[in-house]
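What you are looking at is a predicted structure, and each value in this text was computed from that prediction instead of being measured. Atoms within a ligand are numbered from 1 in the order they appear, just like the ligands themselves.
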Amino acid sequence: MKEVLIATKNKHKIKELSTVLLPLGFNIKSLYDYPQLPDIIEDQKTFKGNALKKAKTLSQLTNRPVIADDSGLQVKALNDAPGIYSSRFASKHATDKQNNNLLLKKLKNISNREARFITSICLYIPTKEPIYFTGILNGRIATNYKGENGFGYDPIFIEEGSNKHLAELTLQEKTQISHRAKATQKLISYLKTL
Ligand code: ITT
């Protein structure tokens with residue numbers, strides 16, 4: 001398994017994974033190398049289901065090993081919403097600000113602010129069973145915005161360990177603790193054993 005396709009056009013994700021997989025001897029491809037591939041609709045009920053759908057479909061189309069992920073925010077008082085709808089919580093093409101505002105509105109007067117970010121990665125190697133790697137970042141939803149870094153819900157998410165809003169962390173600091181980084185580390189440990 002020398003060539004692996006990362007199922008994303010997110011340049012940050014491609015860079016992050018390439019940096020760690022290149023030294024292990026992997027030839028990294030992304031969706032930019034396969035412009036003919038269709039967009040895969042994320043319509044499954046779970047992060048894991050969406051990651052599997054992307055990885056399996058693209059692996060079958062390319063006959064290559066594929067790494068795909070899906071992430072989002074779960075808020076306890078909202079029965080784990082926005083969950084798989086995190087990027088389109090307020091509407092289909094919502095901005096981060098619109099999603100954050102809606103979340104703060106829904107949590108107005110609610111004292112349980114517990115929340116967590118989850119990433120599910122699926123590694124799909126042709127003819128083998130899919131393998132999953134999960135990363136979780138626990139915290140709570142703030143009542144105000146703070147910080148300029150990051151994206152998505154970072155300005156209103158307070159990380160359990162540091163008590164800082166995620167948007168106050170540098171990219172380097174966030175990369176050491178994030179759900180995505182934790183799942184990626186597990187993937188890397190597995191790939192090293194191949
Ligand atoms: P792909 O194109 O690779 O699918 P995406 O932008 O859909 O990337 P994710 O699946 O990783 O991104 O995450 C879905 C949404 O969950 C994202 O748009 C954010 O609203 C939220 N989210 C995920 N990770 C986050 C993080 O580290 N900080 C803040 N919000 C995050």
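- Here E173 pairs with nothing under the salt bridge (Lys or Arg N to Asp or Glu O under 4.0 Å) rule; sequence neighbours left out.
- Near ligand 1, T8, K13, E42, K54, D70, S71, G72, S86, S87, F117, F151, G152, Y153, D154, K174, H179, R180 each place a heavy atom less than 4.0 angstrom from the ligand.
- For S71, the side chain to side chain contact (heavy atoms under 4.5 Å, CB included) partners two or more places apart in sequence, or in a different chain, are D69, T119, H179, R180.
- Salt-bridge formation is not detected for the pair D70/K53: no Lys NZ or Arg NE/NH1/NH2 atom is positioned less than 4.0 Å from an Asp or Glu carboxylate oxygen.
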Quick one: side chains of residues 24-37, donor-acceptor pairs under 3.5 Å with protein atoms, not counting sequence neighbours, listed by atom name and distance.
residue, atom, partner, partner atom, Å
S30, OG, Y32, N, 3.1
Y32, OH, K9, O, 2.7
D33, OD2, S30, N, 2.9
Y34, OH, E3, OE2, 3.1
Y34, OH, R64, NE, 3.3

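- Both tests do not hold together for K164 against F157: distance to the six-membered ring centre under 6.0 Å, angle to the ring axis within 45°.
- Note that CG of D39 and NZ of K54 are 10.5 Å apart. Values are rounded to the nearest 0.5 Å.
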